[in-house]
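Following: one structure in structure tokens, then a few remarks.
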Protein chains: 2
Amino acid sequence: MISSSKLNQYWTDIYFHLHYPHGEKITHQVVRILQLIDKKDRVVVNDVATHLEISHNTASEHVKRMINKNYIEKKRDQNDERKVILQLTDFGKNVLHENTSLDEEKLNHIFSDMDEVEKELISKAFKLLSERAKSCM
Amino acid sequence: MISSSKLNQYWTDIYFHLHYPHGEKITHQVVRILQLIDKKDRVVVNDVATHLEISHNTASEHVKRMINKNYIEKKRDQNDERKVILQLTDFGKNVLHENTSLDEEKLNHIFSDMDEVEKELISKAFKLLSERAKSCM
DNA sequence: TCTTTCATATCGTATGATAAGATATAATCT
DNA sequence: AGATTATATCTTATCATACGATATGAAAGA
């Protein structure tokens, strides 16, 4: 058995010890927008507003600032030219990665000290939880 | 086998789908400081400065603001009265939890649809990775 | 004891982020 | 044509972030 709070203990410990060093100065709101664009298909400005629960004009300003920083790009929807589809730039993907992922050098180092059984355990568990998380919605 | 980038795919998918709804407006820097105080023993103001790579006066101001928001408390070091030890308040623990942990209601829901073998798999894998992460430093 | 160093706090100042209301523009729908 | 939708811009306000300069009080060294 496992409790949710125990899992969160493991979860936060893993992130604290394995996250990337803090580089780019970036705000929480901006990370959330990057995550949204990364994980969802065809995100438009209004999706940003509803997801963050902010007004559409504030969302539009976030987008403007993020384009100026070269985190994202705009593309007009072909079916409906009013809509603006947001996409991550390579730089934006990188910023998102460094702010939400685990440091892959550290991970590789940990994996190199594991046997195949342990690696298989980790792989299966994370795959399982991520699949259930996606279908949970 | 598992690659680090595949694990990060799972990791970020899990967080995107299972995080708490965005409540308190909070900045990235403040979350980092909360994490530091939560995970390390006897954190003083200077630790905040070196950990975030900011000047000591800026760190001191972060601390002041966070105390005003009732996220943390100060306590003087008994051995060295110059030092100020930082501690999370219950409210601060809660804010940190909602900004870095997985939503325990959603987790419970997922676990309720799993059999014992699957739950054991998740438990063992997260325990293993968190232990290796800690000793990796 | 006197001086220096250390740990933190405060003040002044500057910049940028965040947010919303009001208004504008351009595309789409009826 | 007129209404609606999606986004953008302008104005204004507040707060966060950051640092240099300076101050205070505790600890360590001569």
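Only heavy atoms go into these numbers, but all of them, side chains included; no hydrogens, no water, no symmetry mates.
Rounded to whole Å, the distance from CD1 on A:Ile26 to C1' on D:dA16 is 16 Å. The interatomic distance linking B:Lys64 (NZ) with D:dT17 (P) rounds to 13 Å, in whole Å. Nucleotide C:dA7 holds its P atom 14 Å from the CG atom of B:Leu86, rounded to whole Å. Between the CG atom of B:Asn68 and the C1' atom of D:dC15 there is a distance of 13 Å, given to the nearest Å. Atom NZ of B:Lys25 is separated from atom P of D:dC15 by 13 Å (rounded to the nearest Å). Here C:dT10 presents its P atom at 9 Å from CD1 of B:Ile67, a figure rounded to the nearest Å. Straight-line distance from the CD1 atom of B:Ile33 to the C1' atom of D:dA16: 11 Å, rounded to whole Å. Spacing between atom CE of B:Met66 and atom P of D:dT17 amounts to 9 Å, rounded to whole angstrom units.
Residue B:Arg65 has its side chain nearest to D:dT17 when only D:dT7, D:dT17, D:dG25 are considered. Closest approach to the A:Val44 side chain among C:dA19, D:dT7, D:dA18 is made by D:dT7 (side chain taken as heavy atoms from C-beta onward). Of the candidates C:dG21, D:dA18, C:dT8, C:dG21 carries the atom nearest the A:Asn57 side chain, counting heavy atoms from C-beta on. With D:dA27, D:dT7, C:dA19 as the choices, the nucleotide that has an atom nearest any side-chain atom of A:Arg76 turns out to be D:dT7. Closest to the A:Arg82 side chain, of the nucleotides C:dA7, C:dT28, C:dA19, is C:dT28. Of the listed nucleotides (D:dA26, D:dT17, C:dA20), C:dA20 has the atom at the smallest distance from the side chain of A:Ile54. In the set D:dT5, D:dA26, C:dA19, D:dA26 carries the atom at the smallest distance from any side-chain atom of B:Glu81.
Positionally, the nearest nucleotide of DNA chain C for A:Glu61 lies more toward the 5' end than for the other of A:Asn79 and A:Glu61. Between A:His56 and B:Val30, the residue anchored closer to the 5' end of DNA chain D is A:His56, taking for each the nucleotide with the nearest heavy atom.
Looking at heavy-atom distances under 4.0 Å, B:Val63 makes no contact with the nucleic acid at all. Residue contacts for A:Asn46: at a heavy-atom cut-off of 4.0 Å it reaches the sugar-phosphate backbone alone, with no base atom in range. Residue-level contact check: B:Thr27 touches the backbone only, with heavy atoms under 4.0 Å from sugar-phosphate atoms and none from bases.
Note: B:His19 and A:His51 have perpendicular aromatic rings, judged against thresholds of 30 and 60 degrees for the angle between ring planes.
The phosphate of D:dC19 (OP1 or OP2) has a side-chain N or O of B:Ser55 nearer than 4.0 angstrom. The phosphate of D:dA8 (OP1 or OP2) has a side-chain N or O of A:Ser60 nearer than 4.0 angstrom. Residue A:His28 has no polar side-chain atom (N or O) positioned under 4.0 Å from OP1 or OP2 of C:dA17. Residue A:Thr58 places no side-chain N or O under 4.0 Å from the OP1 or OP2 atom of C:dT18. Applying the 4.0 Å criterion to OP1 and OP2 of D:dA16, one finds that B:Lys69 has a side-chain N or O inside that range.
For NZ of B:Lys124, the number of neighbouring non-hydrogen atoms (other residues, nucleotides, ligands) closer than 6.0 Å is 12 at most. Summarising the local packing, NZ of B:Lys127 is surrounded by 12 or fewer heavy atoms from other residues, nucleotides or ligands at distances under 6.0 Å.
Ion pairing between a basic and an acidic side chain is recognised when a charged N comes within 4.0 Å of a carboxylate O; A:Lys93 and A:Asp38 show no such pairing.
Put simply, the side chain of A:Leu86 does not reach to within 4.5 Å of the side chain of A:Glu73, judged on heavy atoms.
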(Q) A:Phe126 vs B:Phe126, test: ring pair (Phe, Tyr, Trp, His ring centres under 6.0 Å). Steps then yes/no. (A) CA-CA 9 Å; A:Phe126 277 85; B:Phe126 277 85; 4.4 Å; yes
